Structure formats: C-alpha cells, structure tokens
Amino acid sequence: MIDLHVHSICSDGSLTPSELVHLGIEKGLTAFALTDHDSTAGLAEAMEAAKGKSIEVIPGIELSTEYEGKDIHIVGLYINPEEPHFKAHIQEFVDSRVLRNQKMCQKLSEAGVDITYEDLIATYPDSVITRAHYGQYIMAKGYAKSMSEVFDRYIGDHAPCFIPREKVTPAQAVELILKAGGIPILAHPILYHMSDSRLEKLVQELKAVGLVGIEAIYSTYTAGEENQIRRLANQYNLAISGGSDFHGKAKPKLEMGTGYGGLKVPDSVLWELKKEKNWVMFSDIDGTLIRKDGSISETMLKTIQEFLEKGNKFVLSSGRPLESILQVKESIALPNHNVYVVANNGTQIYDCEANEILWEERLSMDFLQKTFAEAKAHGIHIHSFSDTEVITTENGKEMQFYMRKIKMPLVVTENPTEIMDKPAFKALAVDLEDKSRLEAFRDYILQAYPGQCQAEFSNEYYLEFFSPIGGKGNGLRKFCELLQISPAFSMAAGDAENDISMVKAAAIGVAMANGDLAVKEAADFITIASNEEDGLIEAWKKFVFK
C-alpha cells in the first residue's frame with residue numbers, strides 16, 4: 001500500500017520528515033509522497049532517512065491556488081526541487097507568506113491577542129506557518145477554546161484579523177510542477193463543494209495545460225464520491241491518485257496510509273502514475289537484448305524506437321569495451337538520439353548523440369601489472385584493453401574464443417601495460433573448462449589486493465576485474481546523477497552475475513527467463529520469454545507503455 005498525500009512539521013503537520021519515514025515503514029507502506037504546503041524543506045531529510053529502507057519517499061509538494069474565489073490545491077509528485085524556475089517561485093511563496101504572517105500578527109495584537117511574529121516562528125520553528133498554527137497558538141494562550149472559535153473570532157476568511165495571501169491560479173501551479181519535472185494532481189476535488197458542471201470546467205481547463213492526475217481515493221470520500229471522481233478521471237483520461245492527507249495531531253484519528261480506517265491506495269496506482277513520466281532503460285547486451293547470433297528482431301527494434309520517440313532514454317549497459325558496444329549498436333541499427341552506453345561494467349558513460357564520454361573510472365596501472373603477473377603464476381589466461389584494442393600475452397584457445405564476438409584488433413605482447421598509454425578499465429580472466437579455478441583466482445586477488453578492484457562473472461567463462469567504484473549498479477546511479485534523472489524512473493534488465501547490482505539499483509529490476517538464479521532472486525520481475533524470444537519487451541509492456 002502507498003500514501004501519496006502526507007504532511008510534515010515543515011508545513012502544518014506534527015511529525016518530522018524522518019518520523020514520517022519510520023511511521024510509513026511501521027504501517028507497511030511501500031511508498032509515500034511528502035507533500036508539504038508550498039514547501040520542499042523536508043524532502044532532503046525524508047529521502048536521506050529512507051536510504052536503504054523498505055520504503056520509497058516521493059518528492060512532492062501541495063501548492064495553494066485560487067480559482068473563482070475558492071482555494072484549490074494542486075499536488076506535485078516526483079518534483080525536482082532544485083529546478084531553478086520552480087525553486088524561485090517557491091521562494092516567492094515563502095516571502096509572501098512571511099509578509100502576510102507579519103501583518104496578521106499585527107492585526108491580532110491590535111485585537112488584544114498577545115502575539116508577535118517572532119514568538120510565532122519561535123514556537124513553530126522550521127515550519128511553513130499556516131492558519132492551523134495560529135489556531136494552536138491562540139488556544140494555548142487561552143483566547144479561545146476550539147479551532148472553530150479561533151476561526152470565527154479571529155482568522156476565518158471573513159474574520160477581522162484575516163489577511164488573504166497572494167496565490168497563483170491552478171493552471172499556473174500545474175505548469176510550475178511540470179517545469180519541475182513533476183506529475184501534477186488535482187487534490188481532493190470533492191472538498192471544494194463545486195457543482196458537477198463547475199468541477200468539470202476546472203478539470204477541463206487544467207487538462208488543457210497538462211494536468212496528469214486527480215485524487216480519486218481520499219480519507220473522507222464516500223464510495224459514491226470516489227466513483228464520481230473516477231468517472232471524471234476516465235472522461236478526461238486522467239490518472240488516479242490517492243492519499244490520506246495525513247497531518248498528525250492537527251487531524252486527530254486520521255492515520256497515515258489508512259485515513260480514518262478504510263483508506264486503501266494500492267501500489268498499482270503509483271505504477272500507473274509512473275507511466276506518465278519519461279523512463280530510462282538500462283539493458284545488458286549478451287543474453288538480454290541480443291540473440292545468440294548477435295541480432296535483434298524487427299519487433300524489438302520497433303519497440304525500442306517507440307520507447308525513444310516518447311522521450312525515454314535507452315542505455316546499453318555491458319561489461320564489453322565501449323568500442324565493442326558501439327559496434328553492436330550499429331549492427332542492430334539503434335539510433336543515436338536518447339541512446340547512451342555504460343561500458344566496461346559501469347566504469348565508462350558515453351552519450352551516443354553527442355559522441356562524448358561523460359564520465360569514466362579506470363583501474364590503476366600498478367594493479368594491472370600485478371594481476372597479469374598473478375594470472376601467469378596461477379596458470380590463468382587474462383587479457384585487458386586499450387581504448388581501441390584487446391591486449392594479451394598469449395593468443396591461445398581462450399583468446400580465440402573471446403575474439404569470436406569482439407571485433408577489435410588484438411595485440412599480443414609480453415608486457416601489456418608497457419604499450420598502454422593509460423590504464424585499462426578492466427582485465428578479464430577466462431577459463432573454458434573449470435569455473436572453480438576462476439573462483440579461486442578471484443578470491444586470491446580480492447584478498448591479496450583489498451580495495452583495488454571489484455570482480456564479477458559476466459558468464460560461466462569470464463571473470464572481470466574493474467574499479468572498486470565501478471559496477472553496473474554504480475554506473476546506473478552515476479548516469480542518473482549526471483543526467484539529473486530520478487532513479488525512481490529507472491528500469492534495468494540482465495541475466496548474469498555482473499548485472500545483479502544494476503538490477504537491484506533500478507526502480508524496476510528485470511531478470512531474463514534465461515538468466516542466472518541469483519539474478520532472478522534479485523529482480524522485481526522475471527520475463528516469461530528468453531532473450532531469443534524478445535523477453536525484454538514484456539517488461540516495457542508491463543511497466544512503461546500504457
């Protein structure tokens with residue numbers, strides 16, 4: 001279960017962002033959206049608290065707007081709070097709140113209430129001050145016995161101490177959320193008490209500027225009200241959202257995740273919302289994308305092209321060297337636009353359209369020299385790479401087996417590192433008959449040279465050594481960081497041991513039907529068909545395409 005509408009102490013809730021994470025885990029939620037009023041101040045704390053936990057924190061906000069004299073709220077999910085245009089506007093909201101609160105404190109003081117703006121913010125530090133805070137403060141001072149009395153006597157819309165705040169329109173809020181890369185949602189429409197025609201007019205106007213979803217599942221809705229909003233969503237092709245609107249003590253008996261007891265927002269709601277966003281797909285090559293003969297089907301190519309045309313990104317992530325991956329890309333006719341490469345087991349990132357290396361991390365030359373020496377002493381074949389060549393000490397059966405698929409020049413030399421103008425990204429040990437010899441060699445190298453490499457199998461015959469900060473999982477994270485993509489919209493597919501870290505790092509990890517058992521155990525989804533039968537397409541159809 002999930003909850004896509006939750007508030008913290010950073011607006012008018014009573015729990016800190018970290019406390020919300022712990023409560024969400026306690027409630028058994030798989031995800032919740034922190035949607036504080038006109039504030040993103042709590043997002044960093046909440047997301048840090050959720051690292052390594054069994055819950056996803058969705059960065060969100062709830063923007064206050066005005067429409068034909070009514071307060072209308074627009075929730076934004078998966079926003080980028082650092083987007084400059086969005087960030088500037090949020091600061092404007094904060095500044096206007098400060099000015100308004102200073103004026104309201106002055107009016108309350110003139111009405112006989114012992115209050116100053118300085119006392120108010122000292123009482124509620126690190127909060128976005130709302131009228132709920134005024135109510136709590138005034139009751140604590142003994143000027144009123146209930147929140148309704150506070151609003152009637154002092155700060156209600158028509159009370160003497162109320163000062164309206166400048167607000168954006170709902171359409172402006174939708175556009176602002178879209179600019180921040182978010183998913184705009186019309187929050188709790190039933191609460192606005194509009195006629196059916198007036199509500200439909202609002203939805204029609206917001207849909208025209210990019211509204212994506214509507215809150216059809218909410219704590220106070222009756223079954224009839226939920227069905228009404230679902231029908232409206234269907235009429236205007238809007239996604240469904242839902243949440244408790246949890247505030248903690250500010251809304252007694254309303255619980256996170258369950259509302260007043262009967263609220264249930266299934267995970268499927270979030271998956272449907274995610275289909276509204278652009279995705280990045282990380283695909284292993286051998287055993288995942290291509291068939292044994294190195295080809296892909298016309299159906300697979302068309303699916304990738306459709307995926308890219310929607311603005312999504314496709315990443316070829318392989319243990320292969322960059323040069324070899326680019327040869328595969330050309331042979332299967334992949335375009336350049338929105339296509340990238342993560343090569344050499346997550347240690348090199350390349351933009352195909354810009355023809356530019358975005359990031360890389362190599363092994364040390366000293367480690368390479370020692371590994372070649374150790375392999376010779378242990379009777380293990382090993383080879384490495386320059387940026388354009390395969391380099392080895394002996395062209396035996398292992399080397400010939402490897403070169404069947406790798407169309408790069410081969411250089412045989414007694415001292416491989418002497419002809420390298422810079423360190424290699426990886427070294428690859430090969431044994432065609434006895435995997436246990438490679439396993440023993442891996443254990444020896446990792447113990448003899450701690451912290452200098454990682455070692456993973458890319459298939460039964462190949463053991464790859466690469467940078468300790470590499471790996472396909474780290475490559476995925478680095479790619480998302482460089483391109484400012486939320487990992488929440490990442491999918492990764494693979495079949496072998498060196499794919500496991502990538503499968504785990506992605507929001508959706510996919511294991512091929514032909515994959516190793518360990519990959520399947522790490523995955524969120526296992527294809528029914530193998531790579532020979534376009535199994536990868538199953539994941540796209542289930543999670544990305546509508």
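Just so you know, residue 1 is the first one in the sequence shown, and it goes up from there. None of these values were measured; they are calculated from a predicted model.
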Heavy-atom side-chain contact between [X] and [Y] under 4.5 Å:
{"X": "Ile25", "Y": "Ser54", "answer": "yes"}
{"X": "Cys352", "Y": "Val341", "answer": "yes"}
{"X": "Ile406", "Y": "Gln327", "answer": "no"}
{"X": "Ser324", "Y": "Met408", "answer": "yes"}
{"X": "Leu483", "Y": "Lys313", "answer": "yes"}
{"X": "Ile285", "Y": "Leu316", "answer": "yes"}
{"X": "Ile382", "Y": "Thr392", "answer": "no"}
{"X": "Leu438", "Y": "Tyr461", "answer": "no"}

For [X], give me all partners under side chain to side chain contact (heavy atoms under 4.5 Å, CB included), at least two apart in sequence or on another chain.
{"X": "Ser458", "answer": "Tyr462, Glu464, Asn498"}
{"X": "Gln484", "answer": "none"}
{"X": "Ile61", "answer": "Thr40, Leu63, Ile79, Phe86, Ile90"}

(message) Let's go through Asp36 and Ser11 carefully: what are the C-alpha distance in whole Å and the side-chain angles of both, what is the deciding distance for side-chain hydrogen bond (donor to acceptor under 3.5 Å, both in side chains) to 0.1 Å, and is it a yes or a no?
(response) CA-CA 5 Å; Asp36 281 322; Ser11 63; 2.8 Å; yes

Taking [X] first and then [Y], would you say they form a salt bridge - that is, a charged N and a carboxylate O separated by under 4.0 Å?
{"X": "Glu82", "Y": "Lys87", "value": "yes"}
{"X": "Lys435", "Y": "Asp431", "value": "no"}
{"X": "Lys407", "Y": "Glu389", "value": "no"}
{"X": "Lys541", "Y": "Glu538", "value": "no"}
{"X": "Glu398", "Y": "Arg437", "value": "no"}

(message) With side-chain contact (heavy atoms from CB on, under 4.5 Å) as the criterion, how do Leu34 and Leu20 come out once you've worked through the C-alpha distance, each side chain's angles and the decisive distance to 0.1 Å?
(response) CA-CA 9 Å; Leu34 181 55; Leu20 288 174; 3.7 Å; yes

(request) Check for a donor-acceptor pair, side chain of Asn415 on one end and backbone N or O of Thr417 on the other, with a separation under 3.5 Å. (result) no

(message) Looking at Ser490 and Ala506, would you say the former's side chain and the latter's main chain have a donor-acceptor pair under 3.5 Å?
(response) no

(request) Could you list all the salt bridge (Lys or Arg N to Asp or Glu O under 4.0 Å) pairs where at least one residue sits in residues 350-363, not counting sequence neighbours? (result) Glu360-Arg362, Arg362-Asp387

(request) Establish, from distance only, whether the side-chain atoms of Glu394 and His383 form a donor-acceptor pair under 3.5 Å. (result) no

(request) Examine the side chains of Ser295 and Asp293 and answer whether a donor and an acceptor come within less than 3.5 Å of each other. (result) yes

(message) Run Arg291 and Glu533 through salt bridge (Lys or Arg N to Asp or Glu O under 4.0 Å) and show every step you take.
(response) CA-CA 8 Å; Arg291 299 180 289 205; Glu533 305 158 318; over 6 Å; no

(request) Run through Trp279, Trp540, Phe543 and flag the one making a ring pair (Phe, Tyr, Trp, His ring centres under 6.0 Å) with Phe307. (result) Trp540

(request) Decide side-chain contact (heavy atoms from CB on, under 4.5 Å) for Phe489 and Val280; before the verdict, give the C-alpha distance in whole Å, the side-chain angles of both, and the deciding distance to 0.1 Å. (result) CA-CA 6 Å; Phe489 297 96; Val280 54; 5.8 Å; no

(request) May I ask you to establish whether Arg404 and Phe401 are in a cation-pi arrangement, using a distance under 6.0 Å from NZ or CZ to the six-membered ring centre and at most 45° from the ring axis? (result) yes

(request) I would like to know whether Lys292 and Asn531 meet side-chain hydrogen bond (donor to acceptor under 3.5 Å, both in side chains); could you show each step before the answer? (result) CA-CA 9 Å; Lys292 287 181 180 178; Asn531 63 308; over 6 Å; no

What's the separation between atom [atom1] in [X] and atom [atom2] in [Y], rounded to the nearest 0.5 Å?
{"X": "Cys453", "Y": "Ile469", "atom1": "SG", "atom2": "CD1", "value": "13.5 Å"}
{"X": "Asp495", "Y": "Asp286", "atom1": "CG", "atom2": "CG", "value": "8.0 Å"}
{"X": "Ser244", "Y": "Ile217", "atom1": "OG", "atom2": "CD1", "value": "12.0 Å"}
{"X": "Lys249", "Y": "Ser14", "atom1": "NZ", "atom2": "OG", "value": "6.0 Å"}
{"X": "Asn345", "Y": "Ser317", "atom1": "CG", "atom2": "OG", "value": "8.0 Å"}
{"X": "Ile419", "Y": "Ser386", "atom1": "CD1", "atom2": "OG", "value": "7.5 Å"}

Taking the six-membered ring for Trp and the single ring otherwise, decide whether the centroids of [X] and [Y] are under 6.0 Å apart.
{"X": "Phe479", "Y": "Tyr340", "answer": "yes"}
{"X": "His7", "Y": "Phe246", "answer": "no"}
{"X": "Phe282", "Y": "Phe314", "answer": "no"}

(message) For Lys520 and Asp516: C-alpha separation, side-chain torsions, deciding distance, then whether salt bridge (Lys or Arg N to Asp or Glu O under 4.0 Å) applies.
(response) CA-CA 7 Å; Lys520 293 177 180 178; Asp516 294 345; over 6 Å; no

(request) Could you give me the CA-CA distance, side-chain angles and deciding distance for Glu56 and Lys274, then say whether salt bridge (Lys or Arg N to Asp or Glu O under 4.0 Å) is met? (result) CA-CA 13 Å; Glu56 177 189 357; Lys274 283 186 172 185; 3.7 Å; yes

(message) For Lys51 and Lys53: C-alpha separation, side-chain torsions, deciding distance, then whether side-chain contact (heavy atoms from CB on, under 4.5 Å) applies.
(response) CA-CA 5 Å; Lys51 281 185 178 178; Lys53 305 292 196 307; over 6 Å; no

(message) For a side-chain contact (heavy atoms from CB on, under 4.5 Å) check, start with the C-alpha distance between Ser384 and Leu428, then their side-chain angles and the critical distance, and finish with the verdict.
(response) CA-CA 6 Å; Ser384 190; Leu428 194 151; over 6 Å; no

(message) As a quick check of understanding, evaluate side-chain hydrogen bond (donor to acceptor under 3.5 Å, both in side chains) for Asp534 and Thr299, giving each step before the final call.
(response) CA-CA 8 Å; Asp534 292 341; Thr299 303; 4.7 Å; no

(request) For Lys376, enumerate each residue passing the salt bridge (charged side-chain N to carboxylate O under 4.0 Å, His left out) test, keeping only those at least two apart in sequence or located in another chain. (result) none

(message) The criterion is side chain to side chain donor-acceptor pair (under 3.5 Å); which residues satisfy it with Asn80, sequence neighbours excluded?
(response) none

(message) Would Ser364 and Asp366 count as a side-chain hydrogen bond (donor to acceptor under 3.5 Å, both in side chains) here? Give the steps.
(response) CA-CA 5 Å; Ser364 73; Asp366 178 66; 5.1 Å; no

(request) Applying side chain to side chain contact (heavy atoms under 4.5 Å, CB included) between Tyr350 and each of Asn355, Val339, Val315, Ile325, report the one that passes. (result) Asn355

